[in-house]
Amino acid sequence: MPVESLLILVLIGAVAGWLAGLIVKGFGFGLVGNIVIGILGALIATWLFPRLGVSLGAGIISAIISATLGAVILLVIVGLIRRV
């Protein structure tokens, strides 16, 4: 994986994790936590959205939106587990 791709992955993860933290109240993980949440969210979205027939297109904006939605799903699941 080239260095540029890795930097873009980290940037998308950071933005997606930060946005997901704003959407789902009560979750703030700092920069490293936001990157991890965003990258995990991107993995969830990459796995889930094709199975649901959802396509957001190509490009960095759609990648951020997709990763953010996946991160929101992840944070909601974590919130539900914490309640139990």
Side-chain angles (χ1 to χ4, degrees):
M1 176 179 270
V3 174
E4 295 87 10
S5 297
L6 185 60
L7 289 175
I8 291 172
L9 177 69
V10 169
L11 178 68
I12 290 173
V15 171
W18 175 71
L19 288 172
L22 290 177
I23 293 170
V24 180
K25 302 292 184 198
F27 287 96
F29 295 106
L31 180 62
V32 175
N34 284 344
I35 291 171
V36 171
I37 294 295
I39 291 172
L40 290 175
L43 292 173
I44 290 170
T46 301
W47 176 79
L48 181 64
F49 289 173
R51 285 168 174 64
L52 297 175
V54 175
S55 175
L56 299 176
I60 195 162
I61 300 297
S62 66
I64 290 173
I65 293 170
S66 176
T68 301
L69 291 174
V72 166
I73 292 169
L74 176 65
L75 291 177
V76 167
I77 291 171
V78 168
L80 290 174
I81 291 173
R82 280 188 179 179
R83 284 183 154 180
V84 173

Problem set entry | For Ile23, the option from Leu69, Val76, Thr68 that meets side chain to side chain contact (heavy atoms under 4.5 Å, CB included) | Thr68
Exercise. Does the side chain of Ile64 come within less than 4.5 Å of Leu19's, by heavy atoms?
Worked result: yes
Problem set entry | side-chain contact (heavy atoms from CB on, under 4.5 Å) involving Ala63 - partner list, sequence neighbours excluded | Ile12
Report all side-chain donor-acceptor pairs from residues 37-61 shorter than 3.5 Å, counting only partners two or more places apart or in another chain.
{"residue": "Thr46", "atom": "OG1", "partner": "Ala42", "partner atom": "O", "Å": "2.7"}
{"residue": "Arg51", "atom": "NH1", "partner": "Trp47", "partner atom": "O", "Å": "2.9"}

